[in-house]
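Just so we're clear, the structure is a prediction, and the values are computed from it rather than from any experiment. Below, chain A is the first sequence line, B the second, and so on; all start at residue 1.
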Amino acid sequence: MSPRDPLDSFEDSLFRAARRERTQTGALERTANAVVAAHRQRRWRRTVLAVAGTIALAAAAALVLRSGPSVEPIQAEHIAPKHSVSSVAATAPVPEPLSEPEPARPSPDSSAAASSSATKPLRSGLAPSVAATTREEELIMLDRARSELASGNANSALSLLDRYDRVSGGHLTAEATLLRIQALSSSGRSSLAAKLARRFVDSDPNSPLADRARGYIPEPPLNDPSAR
Amino acid sequence: MARSPHSGASALSIDPGQLAEESLGSEREQQLRALVNEHFDFIWRLLRRMGLTPADADDAAQQVFMAATQKSERITQGSERTYLYGIALRVAANLRRKLARRREEAEPLAHEVIDLGAQPEHAANLGEACALLDELLRALPEELGRVLVLAQIEQLEVSEIAAAEGIPVGTAASRLRRARAFFREQLERVQERNPFREGLS
């Protein structure tokens, strides 16, 4: 067996010394503790953020509920239809003109009511709602308005329809307009009902609901070519 | 985080979700501790061979593990060492740059004596050996020094070195050959300074 090359031995010794070297200051334990402490801190921060997020969501939800778009029980007295001109038609005493206003120059109220319901997007010009409603939510809202109307509470139905206009995503615009026509008529505002019906029929004569709307448009007097 | 088994009625009011969360947290803490226990020496030695003093290696190793565990979801099972190695290279490079000016004025590191757990009379030799080794490694191109450390000190296979360095196995093998040859030349140059000539093995 030949003697080992001293250089090999020297090299081995150096590398072996390096392998045996260890920290002697407890750095391993300190590092482990620091890593765990940092981990706990991150978890705590995440928890705080999650809680803050939940609170923020709850606050946002509360805001949404307060601002209107809800299919939860709707209280007509809670509705503040400041921006809905059609609500004025529904709730304010509107002096019924003795004669029909000129079709070319309708009153701002009725014009807005008619256009907002029949020709423009529902939320056009109104306070923006926080979230668009689904078709199902709108169905529920209209069912409630229909139910109010069937119970003889036309004004309440109109208030609900105002609310529908403010918050809906426009899935059931035609149905809502027909309901409004019916409610206006039931509340004694047949002139406004007729005006809205006329606009509705003009804007969408082929609507399946157009025939029912036409029933609210009085026949023009035979000797009055200016009517309609 | 663990609840005392004797906490009595109050334990009954603990939310099951909270318990699960705490249990998960505790498990994660154990995993983190295991990670440090398993790889700390490797990282510390590596940092030492990159020219850091023992005290700086202590700090740098802590930095490595703190950085690694901050985004621990990036560590895939089985690749912990490679991941830590990559971080260690960056931490060492940053620290060396930061300390360079200070080092120029400091006492030479070569004579720093470290308690290596050996017999007292041998400890100085071991410290001297480490210092000499570092001197020789510094003479090598950096990428060659790294593969030599991984092969000769950490005793990794060529494939493991390749994975750690992020290079093809062939390249790793080639670098290792060159590193050994280069190191051997350096060793011949300093063989008169062998601290083990007296017979320590």
Rounded distance [0.5 Å steps], [atom1] in [X] versus [atom2] in [Y]:
X	Y	atom1	atom2	answer
B:H39	A:T31	NE2	OG1	14.0 Å
B:L32	A:R40	CG	CZ	10.5 Å
A:R30	B:D59	CZ	CG	7.5 Å
A:F10	B:E188	CZ	CD	11.0 Å
B:Q62	A:T23	CD	OG1	11.0 Å
A:R20	B:I153	CZ	CD1	14.0 Å

inquiry  = Determine whether B:R45 and A:R22 satisfy the following criterion, side chain to side chain contact (heavy atoms under 4.5 Å, CB included), listing intermediate values before the conclusion.
reply    = CA-CA 7 Å; B:R45 284 194 299 267; A:R22 299 276 188 284; 3.1 Å; yes
query = Looking at A:L28, A:D8, A:N33, which one has more heavy-atom pairs under 4.5 Å with chain B than the rest?
reply =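 Heavy-atom pairs under 4.5 Å are most numerous for A:L28.
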remark   = Answer key: most heavy-atom pairs under 4.5 Å with chain B among A:V35, A:L14, A:L7 is A:L7
query = Which atom names give the shortest non-hydrogen contact between B:L133 and A:A18, and what distance separates them?
reply = CD2-CB, 3.4 Å
ask   = Is the shortest distance from a Lys or Arg side-chain nitrogen in B:R49 or A:E21 to a carboxylate oxygen in the other one below 4.0 Å?
value = yes
ask   = Side chain of A:R19, backbone of B:Q152: donor and acceptor closer than 3.5 Å?
value =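 Pair found, side chain donor or acceptor close to backbone of B:Q152.
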For [X], is it the side chain, the backbone, both, or neither that has a heavy atom closer than 4.5 Å to a heavy atom of chain A?
X	answer
B:L35	neither
B:N37	both
B:F183	side chain

ask   = chain A: which of B:R33, B:R184, B:Q63 shares the most heavy-atom pairs with it under 4.5 Å?
value = B:R184
